[in-house]
Amino acid sequence: MTGRAMDPLPPAAVGAAAEAEADKEADPQPPCPDPDSFPAPAVEPQAIVQRAPASSRMQMPQGNPLLLSHSLQELLARDTVQVELIPEKKGLFLKHVEYEVSSQVTGKSRYNDFVVFQEMLLHKFPYRMVPALPPKRMLGADREFIEARRRALKRFVNLVARHPLFSEDVVLKLFLSFSGSDVQNKLKESAQCVGDEFMNCKLATRAKDFLPADIQAQFAISRELIRNIYNSFHKLRDRAERIASRAIDNAADLLIFGKELSAIGSDTTLLPSWVALNSSTWGSLKQALKGLSVEFALLADKAAQQGKQEENDVVEKLNLFLDLLQSYKDLCERHEKGVLHKHQRALHKYSLMKRQMMSAAVQNREPESVEQLESRIVEQENAIQTMELRNYFSLYCLHQETQLIHVYLPLTSHILRAFVNSQIQGHKE
């Protein structure tokens with residue numbers, strides 16, 4: 001952490017700060033520039049674009065709202081979204097890929113739809129873990145790249161669908177249910193009608209009251225721990241990927257080996273007369289080789305199954321876990337480079353204004369110019385107060401997102417157990 005929140009300003013500025021923030025968010029805001037099926041409730045597309053009523057906004061659990069009560073099973077049971085490629089490519093000159101995104105209903109999406117969807121999530125939930133999207137390649141996208149991106153998009157949308165806040169939000173329901181060509185405009189309209197989470201959470205201005213006194217130290221420790229976990233599991237993922245790839249390559253080699261044995265066993269070339277007395281030996285050998293080729297085909301099939309299983313049950317799930325950790329790292333950066341940076345700039349500007357005010361008082365300037373300077377100082381005090389409230393709310397959200405990371409940690413045990421079982425079974429066979 002680089003910096004700390006300053007002591008609260010006088011209480012008179014709190015009300016003005018909240019009003020200023022509300023007035024600011026009242027106007028439509030532009031979008032931010034910059035993962036077993038359990039169906040979710042169906043939502044009518046026409047109703048989605050309307051502003052959510054106050055009663056449907058984020059509801060806090062009873063007791064201490066800072067603490068979450070979710071389990072890994074509950075998160076995984078929220079929904080499982082499938083993302084599949086649609087073979088047909090559209091476009092006159094530049095072809096693009098369409099994806100079938102299916103949850104409770106089926107719809108078609110392009111990569112740019114995912115981009116707008118993510119932007120709207122960042123616009124509404126800047127203090128939450130919004131997963132990153134896979135990169136976009138303009139030209140020369142081969143099958144391997146397209147498949148890797150499909151898997152990454154599936155991980156992205158499932159992480160979103162299983163987040164306690166995102167899963168109930170109108171933007172996700174619209175993205176999953178709307179199948180028209182103007183889905184991007186609908187997503188933008190739905191997000192522009194409301195402010196971000198700070199404006200819609202009833203406890204936003206009181207977030208400081210629920211935070212532990214050592215929240216800054218806790219945040220620094222959690223960030224370092226999750227960074228270390230990410231680095232270690234990134235290396236484990238790379239090794240697991242290589243092991244699965246070797247199993248698939250081994251399957252191909254075993255299959256070729258078996259085919260060569262079969263070819264030898266099926267050879268019909270006539271034997272010369274001088275070996276006619278030993279023809280039964282060669283015939284028995286060919287029969288044995290042909291029978292052995294069947295065994296090698298079975299070995300190749302087992303190796304291929306093991307490789308594919310480890311790709312899906314180990315490598316892909318490790319990628320999901322890494323995507324989650326990366327979204328936490330991105331959130332930490334947004335907190336420091338966004339909220340804290342703006343707060344520090346506002347404090348610097350406030351300090352300059354106070355010096356100007358003192359200078360004006362000493363120099364006995366005109367009353368009007370002094371009043372204007374006083375008005376600007378009050379506005380800056382309100383802005384600082386709002387930024388302080390947002391800073392505490394950002395820490396409040398970070399604390400909850402850190403809890404979500406720890407809820408997901410047992411997933412690594414399931415992944416590694418599946419990997420060990422696959423290796424044991426493979427060696428047995």
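When a residue number appears, it is its place in the shown sequence, counting from 1. As the structure is a computational prediction, the values presented were derived from the model and not from experiment.
The residues E119 and K188 are annotated as not salt-bridged, no charged nitrogen and carboxylate oxygen being separated by less than 4.0 angstrom. With salt bridges taken as basic N to acidic carboxylate O contacts below 4.0 Å, one links E147 and R151.
S190 contributes a side-chain N or O that, together with a main-chain N or O of L187, makes up a donor-acceptor pair within less than 3.5 Å. With hydrogens and angles disregarded, no donor-acceptor distance shorter than 3.5 Å links the side chain of S245 to the backbone of E241. With hydrogens and angles ignored, the 3.5 Å screen pairs a side-chain donor or acceptor of D113 with a backbone N or O of R110. Between the side chain of Y328 and the backbone N or O of L404 there is no donor-acceptor pair closer than 3.5 Å. A side-chain donor-acceptor contact under 3.5 Å links Q400 to the backbone of P65. Remark: side-chain polar atoms of N421 are paired, donor with acceptor, to backbone N or O of R417 under 3.5 angstrom. Without hydrogens or angle criteria, T412 side chain to L409 main chain gives a donor-acceptor distance under 3.5 Å.
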**Study point:** side-chain hydrogen bond (donor to acceptor under 3.5 Å, both in side chains) assessment of E310 paired with S422
**Key:** CA-CA 7 Å; E310 290 176 356; S422 175; 2.8 Å; yes
Review point. Please walk me through it: do D330 and Q326 pass side-chain hydrogen bond (donor to acceptor under 3.5 Å, both in side chains)?
Key: CA-CA 6 Å; D330 295 342; Q326 183 62 52; 2.9 Å; yes
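Between the side chains of K124 and N200, not a single donor N or O lies within less than 3.5 Å of an accepting N or O. Side-chain N/O atoms of D301 and Q305 include a donor and acceptor closer than 3.5 Å. For the residue pair Q403 / H399, a side-chain donor-acceptor distance below 3.5 Å is found, with atom types taken as modelled.
Looking at heavy atoms from C-beta onward, V171 lies out of side-chain contact with H123 at the 4.5 angstrom threshold. With a 4.5 Å cut-off on side-chain heavy atoms, V157 and L176 count as touching. Residues Y127 and R390 have side chains in contact (heavy-atom distance under 4.5 Å, counting atoms from C-beta outward). Looking at F175 and M120, their side chains never come closer than 4.5 Å, going by heavy atoms from C-beta outward.
Annotation: cation-pi geometry not satisfied between R128 and F166 (NZ/CZ under 6.0 angstrom from ring centroid, within 45° of ring axis).
Aromatic rings from F125 and H163 are positioned such that their centres are separated by 6.0 Å or more.
Annotation for Y408 and F321: closest pair O-CE1, 4.2 Å, computed over non-hydrogen atoms.
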